[in-house]
Protein chains: 2
Amino acid sequence: MTTAQHTPKLTARGAATRTRIVAAAANLVREHGAAGTSLDDVMAASRTSKSQLYHYFANKEDLLRAVAWQQTDRIVEAQRPELDQLDSLAGLRRWRDKFVAARDEAQNVGGCPLGSLAGELADGDPENRVVLQKCFTAWASPLLMGLTTMRDQGQLRPDADPDALAEAIMAALQGGLLLSNTYRSSRPLARALDMAIDHVTSFATVRGAAVG
Amino acid sequence: MTTAQHTPKLTARGAATRTRIVAAAANLVREHGAAGTSLDDVMAASRTSKSQLYHYFANKEDLLRAVAWQQTDRIVEAQRPELDQLDSLAGLRRWRDKFVAARDEAQNVGGCPLGSLAGELADGDPENRVVLQKCFTAWASPLLMGLTTMRDQGQLRPDADPDALAEAIMAALQGGLLLSNTYRSSRPLARALDMAIDHVTSFATVRGAAVG
DNA sequence: CAAAAACTGGACCAGCAAGTCCAGTTTTCT
DNA sequence: AGAAAACTGGACTTGCTGGTCCAGTTTTTG
C-alpha cells in the first residue's frame, strides 16, 4: 500500500521518529481505543516528548488520522496473500477463514482497529471522515478488484454489481467484528461473513460455481 | 420492553429524577458518544447535581449501562409497528425501508446509539458486556420471533436457522450504520440490509415467496 | 409526631488531559 | 565553515474529569 503522507521534508532521523510515534500510537489505539489513549501514553511508548508530537502532528486528531492510515496499511498487508487471490468463491472463503481464525486467536478481544477509530472519529473534524473513507476504500479495493475480475471472467452474472457487493461485505465484516467483540465469540463474525459469501454466490454462474 | 432495573426502593420524586438523568445522558451520548459526554454535561442537561448522580449510580459506567437499557427500549419501541409484523419477507422489507428512511432523515449523522456504546464499553468492565449482549438480544428478539414464525409456517425451508439469520441481519445493520455514518450516506446501510434480506429470501419456499 | 431513610445541593479535590513555550542540539545546505 | 532549518527535551499552563464529602431538606414509616 504505502499510503504516503504529505510530509514535505524530513531528515532520516526525523522520519524514523515520526514512524516510531505512529507505530506506538497505533498499538495503543488498538488496545485501548482512541479516547483511551493519551498523548502521554504515546510519548512513553515511543520514547519521545510532547514537543516532538506537536512537531510532526498538528494535534491529537491529526495523529489519529495518521494512525488510521497505518492501520489500513497493516491490515491490507496482513491480508495480502489472501486478498491477492480474491478472484473466486474459493478464494473468498479462504479469506473468510483466515479472518475468523485471526479473531479467535485474539480471543475476540478488541473490535476492528479501523472500525473503532471510525466510531470515535467520524463525528469530529470533516477531514477525519475523508481519511476514514479513503481507508475503507483502500481496504475494500482488493475485494472490489477480485469481484470485478470474477464478473468479467463470467464467474458472476453480468448483473452482479461488484461495488455494491464489496460494500455489503465490508458492512458485514464491520458489524460482525462489533458483535464478536461484544459476545467474545467469533460466531457473529462467521455468520455475517457466511451470509456475505452466500450473497456473492447467489450471483454465480455455472462456470463460477465450478471455479469456486 | 420496560427493562426494569434492580432499583430497590424509590420515592416518586426519586424515580422521576433518576429517569430524568438517564434520559438526558442518553440524548448526550447519542450526540457526542460515551467518552464525549461528561458527568457535568449530564448534570446540566438534567438539572441535577453531582451527588444525585452518585446517589442513583455507582459510577459513570453504571450510568452508561442504564443508558444502554434506555436506548434499547427506545429503539425497540420506535420500531414496534414494523417489528410486530416481521413474519414475512414483505414485512422485513418494510422494516428495512423504515430504517433507511430514518437514517436519511437524520442526515446519516451519528451511528447506532447502541453500536457506538458497544464500541466504547465492550472492553471495560465485564458487566458492560453482559448488559450489551442483553440489549442486542432484546433488539434482535422480534426479528428472531418473526423468522421462527416464518419457518414454522413454511415460508422458510426447515433448514433455515432463525438464530443465525437474525444475528447476521444484526451484523449487517451495525456495519451498515457504521459505514453510513462515515460516508454520510444511507447507501452502505441500504446495501447491507438488502444483502441480508436477499439472504433470508434464499431460504424462502414457494409459499414464502408468495406471502413475501 | 418523631426518627430514620431517602433525597438534594454544591463546594471541594487530586489527577490527568491537551496544548504552549522556549532554550538548546543536531542536521542540512550553500 | 557557518547560517538556517530541522529537531529535541521537558517544564509549564489551563481547563476539565470522575469522584468525595458533608451539611441540610424532604419524605416515609413506626
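Since the structure is predicted, the reported quantities are computational estimates derived from the model, not experimental observations.
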Query - Contact list for DNA chain D against residues 27-35 of chain B - heavy-atom distance below 4.0 Å - result: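 Under 4.0 Å from DNA chain D: no residue of residues 27-35 of chain B.
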So, [X] and [Y]: side-chain donor and acceptor under 3.5 Å apart, yes or no?
X        : Y        : result
B:Asp104 : B:Ser186 : yes
B:Thr201 : B:Asp198 : no
A:Gln85  : A:Arg94  : yes
B:Tyr56  : B:Thr19  : no
A:Asp152 : A:Thr149 : no

Quickly work out the [X] [atom1] to [N] [atom2] distance and round it to whole Å.
X       : N      : atom1 : atom2 : answer
A:Arg13 : C:dT26 : CZ    : C1'   : 6 Å
A:Leu63 : C:dG19 : CG    : P     : 10 Å
B:Phe57 : C:dC7  : CZ    : C1'   : 14 Å
A:His55 : C:dT26 : NE2   : P     : 16 Å
A:Ile21 : D:dC7  : CD1   : P     : 11 Å
B:Leu39 : D:dT17 : CG    : C1'   : 8 Å
A:Asp40 : D:dT17 : CG    : P     : 17 Å
B:Arg20 : C:dT8  : CZ    : C1'   : 11 Å

Electrostatic pair [X]-[Y], nearest N-O below 4.0 angstrom:
X        : Y        : result
B:Arg93  : B:Asp194 : no
B:Asp161 : B:Arg151 : no
A:Glu77  : A:Arg74  : no

Query raised in the report: Where the side chain of B:Tyr54 is concerned, which of D:dG19, C:dA17, C:dT26 is the nearest nucleotide?
Result: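 The answer is D:dG19, which lies nearest to the side chain.
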Query raised in the report: Which of the following nucleotides, C:dT8, D:dG18, D:dC7, is nearest to the side chain of B:Thr17?
Result: C:dT8
Query raised in the report: Does B:Tyr56 have a side-chain nitrogen or oxygen under 4.0 Å from the phosphate oxygens OP1 or OP2 of C:dT8?
Result: yes
Report task. Please state whether the phosphate of C:dC7, meaning OP1 or OP2, lies under 4.0 angstrom from any side-chain nitrogen or oxygen of B:Arg18. Result -> no
Query raised in the report: Which sits closer to the 5' end of DNA chain D, B:Glu61 or B:Ala12, going by the nucleotide each is nearest to?
Result: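 Result: B:Glu61.
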Requested in this report: Return the residues of residues 41-52 of chain B meeting this criterion: a heavy atom under 4.0 Å from some atom of DNA chain C. Order them by number, or give none.
Outcome: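 B:Ser49, B:Ser51, B:Gln52, in order of number.
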**Report entry** From A:Thr182 atom OG1 to B:Phe136 atom CZ, the distance as rounded to the nearest 0.5 Å
**Finding:** 5.0 Å
